[in-house]
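Beneath this line is the structure, given in structure tokens, with notes to follow.
Remember, predicted model here, so these are calculated numbers, not experimental data.
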Amino acid sequence: MLAEFDLIRHYFTAPGAADSRVALGIGDDATLLVPRAGHELAVSVDTSVTNVHFPDDAPASAVGHRALAVAVSDLAAMGARARWCWMALTLDARRFADEDAADAWLSGYAQGFLGGCAAYDSTLVGGDVTSGTLAISVTVMGDVPTGQALKRSGAVVGDVVAVTGALGGGAGGLELWQRGERDLSHPLLRRYLLPEPRLEAGMALRGLATSAMDISDGLLADLGHIRRASNVDVQLDADAVPLAEGLTAALGADAARRAALSGGDDYELLITIAPENFARAQAALDAQGLALSAVGRCVAPGAVSSGDGSVDAAAGDYHGWQHFAPASATVPGDSR
Ligand SMILES: Nc1ncnc2c1ncn2[C@@H]1O[C@H](COP(=O)(O)OP(=O)(O)O)[C@@H](O)[C@H]1O
Ligand SMILES: Cc1ncc(C[n+]2csc(CCOP(=O)(O)OP(=O)(O)O)c2C)c(N)n1
Ligand SMILES: [Mg+2]
């Protein structure tokens with residue numbers, strides 16, 4: 001096994017053009033960056049842990065891609081452009097004791113991670129390597145013209161609630177993986193293991209969406225964040241939620257609906273937008289080959305009869321992902 005520093009140099013020195021806004025990159029105690037004038041920096045960190053966020057036996061390249069993509073998704077949700085990332089990698093010393101196995105895994109992982117960096121225009125500028133349970137913590141930094149970031153707090157009564165793409169594919173892919181499906185070209189497996197952050201969509205929605213977030217925990221749970229931050233309620237039309245390709249065929253109608261409403265791992269954008277701007281936003285995303293579907297309306301707090309009434313009766317016992325929920329607990333997705 002290579003020493004930490006050799007490992008970093010060997011696997012994680014990204015090729016490509018030097019980034020003129022990196023005054024000092026990998027190799028010193030800290031990174032020095034030159035922010036763009038007239039922009040705010042958007043910064044976020046997300047951790048991916050083996051057997052919590054991805055299966056232990058997932059292909060290494062997918063693990064690398066996914067760890068970056070889910071972190072970059074938070075920049076997309078802010079309407080920011082990706083710029084830089086830091087990757088803190090914890091490797092299981094026992095699993096990586098065999099040199100060939102370690103090399104195979106790290107090569108695949110680096111290919112997935114650095115491929116994502118190239119695709120999202122995010123330069124790897126630092127990180128950390130430690131031993132322990134396999135986990136990856138990715139910090140992303142992006143920029144957005146001052147005042148134009150899409151927050152969770154801007155929704156107002158009357159806004160349309162909309163989602164990009166289709167939902168349920170993340171949870172559907174996880175279910176298929178657990179059933180033994182291993183063909184990474186399967187659309188549902190791709191949605192789970194190779195999600196694509198909606199960066200271009202987020203940028204196109206600047207000045208149009210009144211609020212935005214990415215769907216990581218499940219639509220119902222994540223809607224709760226916008227409701228709380230914006231002090232609105234949401235009348236959701238659960239039947240209007242677009243289902244991922246092949247989801248109903250793979251899971252059946254009930255489980256497909258549950259996956260789309262509360263499965264999580266979709267990394268689509270959830271937005272609110274004034275009705276008069278909806279068609280313009282839809283056209284902008286259509287030009288990117290991405291659907292924008294209206295799934296509900298923002299209403300005054302309390303205007304819907306009860307917690308589950310804000311969704312519809314059939315969704316009442318659905319819940320979103322919670323890291324510390326006991327296995328038997330049901331947590332209403334739209335509870336505050
Ligand atoms: N350990 C922590 N310390 C400080 N802030 C945290 C911590 N964990 C989460 N947060 C903050 O709480 C908010 C919600 O976090 P999270 O649910 O992980 O958001 P997301 O789904 O966008 O990743 C974010 O603003 C995040 O920065
Ligand atoms: C092996 C495995 N089991 C279960 C899941 C489901 N899952 C784990 S974490 C999570 C929610 C998203 O992760 P979180 O750490 O909450 O991300 P954040 O909201 O901070 O972006 C989901 C749906 C999964 N992705 N992989
Ligand atoms: Mg997070």
Backbone of V140 reached by a side-chain donor or acceptor of S44 within 3.5 Å:
no

Hey, what do you get for OG1 (T133) to CG (N51), rounding to the nearest 0.5 Å?
10.0 Å

Shortest non-hydrogen separation from R182 to W177 and the atoms involved:
NH1-O, 2.8 Å

According to a hydrophobic-cluster definition based on side-chain heavy atoms being under 4.5 Å apart (Ile, Leu, Val, Met, Phe, Trp, Tyr only), do V129 and I26 belong together?
yes

Test side-chain contact (heavy atoms from CB on, under 4.5 Å) on L205 and L285; report intermediate values, then the result.
CA-CA 8 Å; L205 289 165; L285 268 53; 4.1 Å; yes

Rounding to 0.5 Å, atoms CZ (F12) and CG (L124) come to a distance of 8.0 Å

So, E268 and R191, do they make that salt bridge, N to O below 4.0 Å?
yes

Which label fits F96 and W105: parallel for a plane angle under 30°, tilted from 30 to 60°, or perpendicular past 60°?
perpendicular

Counting only heavy atoms not in E245, do more than 12 sit closer than 6.0 Å to its CD atom?
no

Between the side chain of H39 and the main-chain N/O of A37, is any donor-acceptor distance below 3.5 Å?
yes

Does D6 come within less than 4.0 Å of R9, counting only side-chain N to carboxylate O?
yes

Note, V234 side chain near I226 side chain (heavy atom, < 4.5 Å)
no

Could you tell me the separation between the OG1 atom of T248 and the CZ atom of R257, rounded to the nearest 0.5 Å?
11.0 Å

Heavy-atom side-chain contact between P35 and D143 under 4.5 Å
no

Under 3.5 Å, side chain of D121 to main-chain N/O of A82, donor-acceptor pair present?
no

Can you see whether E196 engages Y120 through a side-chain donor-acceptor pair at a distance of less than 3.5 angstrom?
yes

Any side-chain heavy-atom pair of V295 and D237 under 4.5 Å:
no

Heavy-atom neighbours of R94 CZ exceed 12 at 6.0 Å:
no

For L32 and V22: C-alpha separation, side-chain torsions, deciding distance, then whether side-chain contact (heavy atoms from CB on, under 4.5 Å) applies.
CA-CA 6 Å; L32 297 178; V22 180; over 6 Å; no

For the student: nearest non-hydrogen atoms of V34 and A23, plus distance
CG2-CB, 4.2 Å

Step by step, would you call D19 with R83 a salt bridge (charged side-chain N to carboxylate O under 4.0 Å, His left out)?
CA-CA 9 Å; D19 181 338; R83 291 279 165 197; over 6 Å; no

pair V161-C298: side-chain heavy atoms closer than 4.5 Å:
yes

What heavy-atom pair brings G202 and L150 nearest, and what distance separates the two atoms?
O-CD1, 3.6 Å

Can you give me the closest heavy-atom contact between A30 and L24, atom names plus distance?
O-CD2, 4.1 Å

Given V63, which of I136, L193, D56 fulfils the side chain to side chain contact (heavy atoms under 4.5 Å, CB included) condition?
I136

Between Y109 and V72, is there a shared hydrophobic cluster once you connect ILVMFWY residues whose side-chain heavy atoms come closer than 4.5 Å?
yes

Between CG on residue L189 and CD on residue E181, distance to nearest 0.5 Å
6.0 Å

Sub-4.5 Å side-chain heavy-atom contact between D159 and V156:
yes

Check the hydrophobic clustering (I, L, V, M, F, W, Y; side-chain heavy atoms under 4.5 Å; chains of links allowed) and say if L167 and L174 are grouped together.
no

Does any N or O in the side chain of D266 come within less than 3.5 Å of the main-chain N or O of G169, such that one atom is a donor and the other an acceptor?
yes

Does some side-chain heavy atom of L89 sit less than 4.5 Å from a side-chain heavy atom of L106?
yes

Are any side-chain N or O atoms of T123 and backbone N or O atoms of W84, one a donor and one an acceptor, separated by less than 3.5 Å?
no

Working to the nearest 0.5 angstrom, can you tell me the gap between R190 CZ and S185 OG?
7.5 Å

Side-chain (D265) to main-chain (Y192) donor-acceptor, under 3.5 angstrom
no

Quick check on E99: does its CD atom have over 12 non-hydrogen neighbours (other residues, nucleotides or ligands) under 6.0 Å away?
no

Transitively linked via ILVMFWY side-chain contacts under 4.5 Å: L290 with I271?
yes

Non-hydrogen atoms of A256 and L247 that approach each other most closely:
O-CD2, 3.5 Å

Roughly how far, to the nearest 0.5 Å, is CZ of R81 from CE of M203?
4.5 Å

Short side-chain to backbone donor-acceptor contact, H65 and S61, under 3.5 Å
no

At their closest point, which heavy atom of G79 faces which heavy atom of V144, and how far apart are they?
O-CG2, 3.7 Å

In sequence, state the C-alpha distance, the side-chain angles, and the governing distance for F278 and L292, and then conclude on side-chain contact (heavy atoms from CB on, under 4.5 Å).
CA-CA 9 Å; F278 180 75; L292 183 67; 3.7 Å; yes

Has E4 got a side-chain atom pairing as donor or acceptor with T130's backbone, closer than 3.5 angstrom?
no

Under a 3.5 Å distance rule, please check whether S262 uses its side chain to pair with a backbone N or O of G218 as donor and acceptor.
no

Applying the 4.5 Å side-chain criterion to the ILVMFWY set and letting contacts propagate, would V163 and L223 be lumped into a single cluster?
yes

With a 4.5 Å cut-off on side-chain heavy atoms, are L41 and L33 touching?
no

Flag side-chain contact, heavy atom, 4.5 Å: T272 against S230:
no

Just by distance, do the side chain of Q235 and the backbone of R297 share a donor-acceptor pair under 3.5 Å?
no

Residue pair H323, V52: steps toward the side-chain contact (heavy atoms from CB on, under 4.5 Å) verdict:
CA-CA 9 Å; H323 284 288; V52 175; 3.9 Å; yes

